[in-house]
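In what follows, every chain begins at residue 1, and chains take the letters A, B, ... in the order their sequences are listed. For clarity, every value in this text was computed on a predicted model and none was experimentally measured.
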Number of protein chains: 2
Amino acid sequence: MGGIADVAKRAGVSKATASRALTGAGYVSPTTRQKVVSAARELGYVASTSAVSLATGRTRNVGVIMPYVNRWFFAEVLEGIQRSLLERDLDLTLYDAKPGTVGRQRIFDDYLARKRFDGLIAVGLEPADHEIERMHAIDRPVVMIVGDEGTTCTVGIDDDHAVRRATEHLIGLGHTDIAFLGGGGADWAMVDRRRLSGYEAAMAEAGLADRAQHVQSEVTLPGGYAAAADLLGDTRRPTAVVGVCDEVAIGAMIAARRLGIRVPSELSVVGIDDHEFAEMFSLTTLEQIPREQGSAAVDLLLQQIAQPDRPPVDVRLKARLVVRASTAPPDTRA
Amino acid sequence: MGGIADVAKRAGVSKATASRALTGAGYVSPTTRQKVVSAARELGYVASTSAVSLATGRTRNVGVIMPYVNRWFFAEVLEGIQRSLLERDLDLTLYDAKPGTVGRQRIFDDYLARKRFDGLIAVGLEPADHEIERMHAIDRPVVMIVGDEGTTCTVGIDDDHAVRRATEHLIGLGHTDIAFLGGGGADWAMVDRRRLSGYEAAMAEAGLADRAQHVQSEVTLPGGYAAAADLLGDTRRPTAVVGVCDEVAIGAMIAARRLGIRVPSELSVVGIDDHEFAEMFSLTTLEQIPREQGSAAVDLLLQQIAQPDRPPVDVRLKARLVVRASTAPPDTRA
DNA sequence: TTGAAAGCGGTACCAC
DNA sequence: GTGGTACCGCTTTCAA
């Protein structure tokens, strides 16, 4: 079936010439090229990817490894990456590496070593040391989204900046009783720790260090709901909440409504993300655009693939404050 | 670096023997096998996937094509597929084929033809005729999740059954003013049409044909919210709503709360899915388990790959009614 | 500008 | 049981 040999024969040229004409590498006279191209089209010729890879050492495929695909941020990033790759005629192989699963182990131990890709994008992976080692061992460029700047390229928002803006926004409105909701527990992500620190720093700088309060919560919408339900059930509750992300913040808003606590008059809520639900909940938040981070990562990766020796770049975006109706000055009638 | 030739040399055998020892195909004496295996381990040998593919014609890779990855159902299915493939040492190449985009066109026109996979799983694709043609043209087994039974294997729930159960549940509680929320508009998915028909049939059978009411809505949580906000703002509103899926149903619940309409006393809501938010919203729903559909699809696909001539199988699951607190008899005080 | 031929890294048939 | 060898389908020197 339709190998390049058939195309060559039909065009009356050699395999070599056919290859040159089709790939665009090397000289071919315009007329010959035309003949080859027509022959290929007539035969419905499509090059075998494995043969091409074997011969060139390039897979025209990018690996994407992430711990979740069902959370807003990750799904958006994935879409951004996919769209970018699609434009460039590149494939995408997905690795779902949930923390603490044997699947993740297999991915790092076996899958990566197979080098089915020219480069790897790791999203919010929080890799352990031996995992980082594996990633470097494969000798392919790596770009991380949400990771620490270091030896590899990195894309992400400035978390410290974002959470400070969030906290300062509340402080600026007059709040002093501001809780930070989200994170904590066993496998607590670095992002979430960073955000907590930023919150604490902002509180301290405003002389509110002793009012700072961290409420643990799973970093999901139901998680935020559950944690907030506990927190707000108490009569001695904060007047404002910073959610570690919008999902948690929205969970808190829903919990507040259930408890009959009015947002924003009785409780102000800020998030970080600008999640697809943020507008519907009128959530004040710090906007990040994961799709753009995805395509930025692709750009960086392709640069690294083209020039492996370039020093690692660090793209650190500033999140923009989007004020909606979930924040207001504290109710002073109390 | 590290080809099978090196392994063979180190083990003191031929490439052929090394290959047999490593792949498990063909006879090799236990001792020889041991030698080869150790040599391979010592060298950190990993077979080149492109070379294997070229030689065997098998890619050990499965393509997954879906229109969204950021919606609950799709993300869950994807995770289910991924987990199944991971267990079997198979890779997953993702194609994000959003309706009406050039990206989708490229996927069907170019990407599929490259046959980077041994089989394809299409999720909720609603393919046009020429797209179906393309899928068959690649001459690889295809399994569809949420599709019409026909020439290919199919996995999915019995939508008619599910929506009837939902509607009958409400009718059984005494409701007669039951609206169906979701679907309609330009590129209206078949699933949603099927569900609407089921609802209409159930209404008709209960003698409520003239009370049937379809309210258009984008099939997302914010979409359901917006549509319900309109619908429920009217004083002459239904006493119950069937959401085309949980996302829409939950959007409706949120809208109701905003409007001060109490669920379930003033409004009953049923969904279909058992979405991750369903419990938190106490939503009565018909449970489907997308992850299981994903792994079922993988099973079917592998069977087809092993025995291409098997007749297409149709897995049609029954959704289970999960009664929570979003449904109750209509308020009769009115 | 084009063609012949040597790989790329495995697998699998066939003879020993 | 094991080894020699002809492919798999394409790219890429190197000569002509």
Side-chain angles (χ1 to χ4, degrees), chain A residues 1-37 39-40 43-61 89 91 110 113-118 138-140, chain B residues 1-37 39-40 43-61 89 91 110 113-118 138-140:
Chain A
M1 33 169 149
I4 200 176
D6 297 330
V7 175
K9 194 182 302 173
R10 181 171 189 119
V13 299
S14 70
K15 273 170 55 182
T17 304
S19 172
R20 265 175 260 141
L22 261 16
T23 60
Y27 294 115
V28 183
S29 80
T31 36
T32 312
R33 169 186 309 284
Q34 250 324 310
K35 274 190 300 188
V36 175
V37 169
L43 262 39
Y45 168 75
V46 177
S48 146
T49 52
S50 35
V52 173
S53 298
L54 185 56
T56 62
R58 287 242 166 291
T59 61
R60 301 202 58 77
N61 184 37
D89 229 60
D91 270 300
D110 307 336
R114 291 208 263 271
K115 306 185 191 184
R116 254 199 140 103
F117 40 76
D118 298 330
I138 55 175
D139 196 42
R140 296 265 185 285
Chain B
M1 32 169 148
I4 199 173
D6 298 330
V7 175
K9 194 183 304 174
R10 179 171 191 121
V13 299
S14 71
K15 272 172 58 181
T17 304
S19 173
R20 264 175 263 142
L22 261 15
T23 60
Y27 295 115
V28 184
S29 79
T31 36
T32 314
R33 169 186 309 284
Q34 250 324 309
K35 275 192 297 187
V36 174
V37 169
L43 262 40
Y45 168 75
V46 178
S48 146
T49 51
S50 35
V52 173
S53 297
L54 184 56
T56 62
R58 287 244 168 288
T59 61
R60 301 202 57 77
N61 184 38
D89 229 62
D91 270 301
D110 307 335
R114 291 208 262 271
K115 306 185 190 181
R116 255 199 141 101
F117 40 75
D118 298 330
I138 55 173
D139 196 40
R140 295 268 185 284

Distance-minimising heavy-atom pair for V7(A) and V36(A): CG1-O, 3.8 Å

With A47(B) via side-chain contact (heavy atoms from CB on, under 4.5 Å) - residues at least two apart: Y45(B), V52(B)

Side-chain N,O (S53(B)) to OP1/OP2 (dC8(D)) below 4.0 Å: no

Non-neighbouring partners of D89(B) that pass salt bridge (Lys or Arg N to Asp or Glu O under 4.0 Å), sequence neighbours left out: R106(A), R114(A)

Integer-rounded Å distance: dG9(C) P and I4(B) CD1: 12 Å

Interatomic distance where CZ belongs to R33(B) and P belongs to dG3(D) [whole Å]: 14 Å

Within residues 11-36 of chain A or reaching into it, pairs that qualify as salt bridge (Lys or Arg N to Asp or Glu O under 4.0 Å) - sequence neighbours excluded: none

Whole angstrom value for the distance that separates P of dT2(C) from CD of Q34(A): 13 Å

side-chain N/O S48(B) vs dC8(C) OP1/OP2, d < 4.0 Å: no

Value in whole Å for how far the C1' atom of dT1(C) lies from NZ of K35(A): 12 Å

Close residues, residues 13-28 of chain B, relative to DNA chain C [heavy-atom separation under 4.0 Å]: K15(B), A16(B), S19(B), T23(B)

Residue among D91(B), T59(B), N61(B), T49(B) satisfying side chain to side chain donor-acceptor pair (under 3.5 Å) with R116(A): D91(B)

Value in whole Å for how far the C1' atom of dC10(D) lies from CG of D6(A): 13 Å

Side chain to side chain donor-acceptor pair (under 3.5 Å) partners for S53(A), two or more places apart: none

Spacing of K9(A) atom NZ relative to dG9(D) atom P, expressed in whole Å: 13 Å

Five-pair end axes of the helix from dT1(C)-dA16(D) to dC16(C)-dG1(D) and the angle they enclose, rounded to 10°: 40°

Residues that R10(B) engages under salt bridge (Lys or Arg N to Asp or Glu O under 4.0 Å), provided they are two or more places apart: E42(B)

Separation of atom CG in L54(A) from atom P in dC10(D), rounded to whole Å: 12 Å

Side chain of T56(A) (C-beta onward), nearest among dG9(D), dT11(D), dG10(C): dT11(D)

Acceptor/donor pairs from residues 23-31 of chain A side chains to any protein atom, 3.5 angstrom cut, sequence neighbours excluded:
unit_1: T23(A); atom_1: OG1; unit_2: S19(A); atom_2: O; d: 2.9
unit_1: T23(A); atom_1: OG1; unit_2: A25(A); atom_2: N; d: 3.3
unit_1: S29(A); atom_1: OG; unit_2: T31(A); atom_2: OG1; d: 3.2
unit_1: S29(A); atom_1: OG; unit_2: T32(A); atom_2: N; d: 3.2
unit_1: S29(A); atom_1: OG; unit_2: T32(A); atom_2: OG1; d: 2.5

Any residue meeting side chain to side chain donor-acceptor pair (under 3.5 Å) with S48(B), in chain and number order, not counting sequence neighbours: S50(B)

